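Remarks on the structure that follows.
Nothing fancy with the numbering, it's 1 onward along the sequence. Since the model is a prediction, treat every value here as computed from it, not as a measurement.
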Amino acid sequence: MTTTVDARPLPAPGHGAVDFEQRVDFGRLRDYRLARARAALQASECGAFLLFDFYNIRYVTQTWIGGALGDKMTRYALLTRGGEPVLWDFGSAAKHHQLYSPWLLPENSRAGMLGLRGAIAPSAGLMESAVREIKGMLTDAGLAGQPVGVDIVEPPFLFEMQRQGLRVLDAQQLMLDARQIKSSDEITLLTQAAAMVDGVYQDIVEALKPGIRENEIVALANKRLYEMGSDQVEAINAVSGERCNPHPHNFSDRLIRPGDQAFFDIIQSYNGYRTCYYRTFSVGSATPSQRDAYTRAREWMDAAIATVGPGVGTDDVARVWPAATEFGFAGEMAAFGLQFGHGLGLGLHERPIISRLNSLTSPVEIEPGMVFALETYCPASDGFSAARIEEEVVITGQGAHVITKFPAQELFIANEY
């Protein structure tokens, strides 16, 4: 069994560029990610990858549009064997990339539009012309007739590719495999992102008093994260009192009351690299039932951290967690996501996923360079409280390094009476 390493912490340097410390080397980061994607393509039977998943697009082209435009399925990128990445984006964004993203050839940053998830009907012909352009580029590259790997796609675009004679294979599995081993720069960005949430939790415990609402905590967290440089706050879960069990995975306008148990999950990214970071608190005081639930959730967490490490199977980690029937659920599908681990990177849920639902029958060997979020949940005997803990760990050759630092070994009483 591999134990947690008690060594020098992984660096979480300041966000600015300085001349007196080696921090994130973004040129090296871009080279690493593109090389991993190229290697995945080379090892496949595909002649090219056509990417719509905006995390894969960022991984290959090193570009990003967030907010309302990031998920409209109208940005796409083509990576061919032996070729440079080509990106189709909103026209003004494409022009911006030409000016400020010199790693993309200017002619490879192109205006594109496919329909904004159906708002422009396929009958307008945008998809037909896009597929015709891509097919011509494949022919020019000597790849005519070779399969095209696609990660995610709208059905009309897939149908159009097939109509024009392109053979489509799954590229998402290959891209997720490429993304699961993080470079030192990616790990630094993940650690910087976790450090931001460390500070937000300090703000939360100072504000966590009777009379404040869950949504006010969410507002506080959003404000602080964007002030610290977050590029996307994907979600803040804020769950308190009788809402803790069963776990709703959201937030409401519920007023926090004395003696409530409350847990929060902060999901945000810094330079694209995400956090998934739960902490549980009691407000003012805690009951024996709440303390017992927390102790059990912590024991399950510590067992997972002690087990996870290079050469260990994800099934070995899943086995240290209780079966679903042991904490009140009918089966593993009903309890999925409560005793849980997932890769963390540009996406929130990357490879490998650790759960009794899938890992016992389809285990994956853990390797150095993987980064996980490990999550445990324990309902309290009072029937409505619950404890939720999450730690992010980086796997090195020596074991697991925890990069989420806000205290969680014991139940934290916020503003104790």
Do D265 and C276 make a side-chain contact, defined as non-hydrogen atoms from C-beta onward lying under 4.5 Å apart?
yes
Tell me the closest heavy-atom pair linking W300 and C378, and the distance in Å.
CZ3-CB, 3.7 Å
Can you check whether F406 and F412 have ring centres sitting under 6.0 Å from each other?
yes
So, D231 and R58, do they make that salt bridge, N to O below 4.0 Å?
yes
Could you give me the CA-CA distance, side-chain angles and deciding distance for E186 and Y273, then say whether side chain to side chain donor-acceptor pair (under 3.5 Å) is met?
CA-CA 7 Å; E186 291 180 288; Y273 285 87; 2.7 Å; yes
Taking only Lys NZ, Arg NE, NH1 and NH2, and the carboxylate oxygens of Asp or Glu, determine whether E350 and R274 approach each other closer than 4.0 Å.
no
Strictly below 4.0 Å, N to O, side chains only: are E299 and R296 in salt-bridge contact?
no
Quick one: do D260 and R254 make a salt bridge, cutoff under 4.0 Å?
yes
Are any non-hydrogen side-chain atoms of V148 and I134 less than 4.5 angstrom apart?
no
Indicate yes or no: at least one non-hydrogen side-chain atom of N108 is less than 4.5 angstrom from one of P85.
no
Dump the intermediate steps for side chain to side chain donor-acceptor pair (under 3.5 Å) on S240 and E214, then the final yes or no.
CA-CA 7 Å; S240 65; E214 291 175 0; 2.6 Å; yes
Determine whether R75 and T63 satisfy the following criterion, side chain to side chain donor-acceptor pair (under 3.5 Å), listing intermediate values before the conclusion.
CA-CA 11 Å; R75 306 180 75 228; T63 62; 3.1 Å; yes
May I have the step-by-step check of side chain to side chain donor-acceptor pair (under 3.5 Å) for Q164 and R132, ending in yes or no?
CA-CA 8 Å; Q164 294 194 33; R132 189 182 309 113; 5.1 Å; no
Parallel, tilted or perpendicular, judged at 30° and 60°: which one describes the rings of F157 and F52?
perpendicular
Carefully, step by step, assess R117 and E154 under the rule salt bridge (Lys or Arg N to Asp or Glu O under 4.0 Å).
CA-CA 8 Å; R117 290 174 67 171; E154 290 184 275; 5.9 Å; no
Interatomic distance, CD1@I354 vs CG@L374, rounded to 0.5 Å, equals 6.0 Å
With a 4.0 Å cut-off on N to O distance, would you call E392 and K405 a salt bridge?
no
Nearest-0.5 Å distance that lies between atom CG in L169 and atom CG in L174:
9.0 Å
Does any part of the side chain of N415, heavy atoms only, come nearer than 4.5 Å to the side chain of V283, both counted from C-beta?
no
Y201 side chain vs Y277 backbone, donor-acceptor pair below 3.5 Å
yes
Heavy-atom side-chain proximity of S282 to R291 below 4.5 angstrom:
no
With F263 as partner, the option from H247, R279, E390 fulfilling side-chain contact (heavy atoms from CB on, under 4.5 Å) is H247
Minimum side-chain heavy-atom gap Y59-L51 below 4.5 Å
no
Flag the pair E367 / I395 as yes when at least one side-chain heavy-atom distance between them is below 4.5 Å, and no otherwise.
no
Min side-chain heavy-atom separation Y278-T376 under 4.5 Å
no
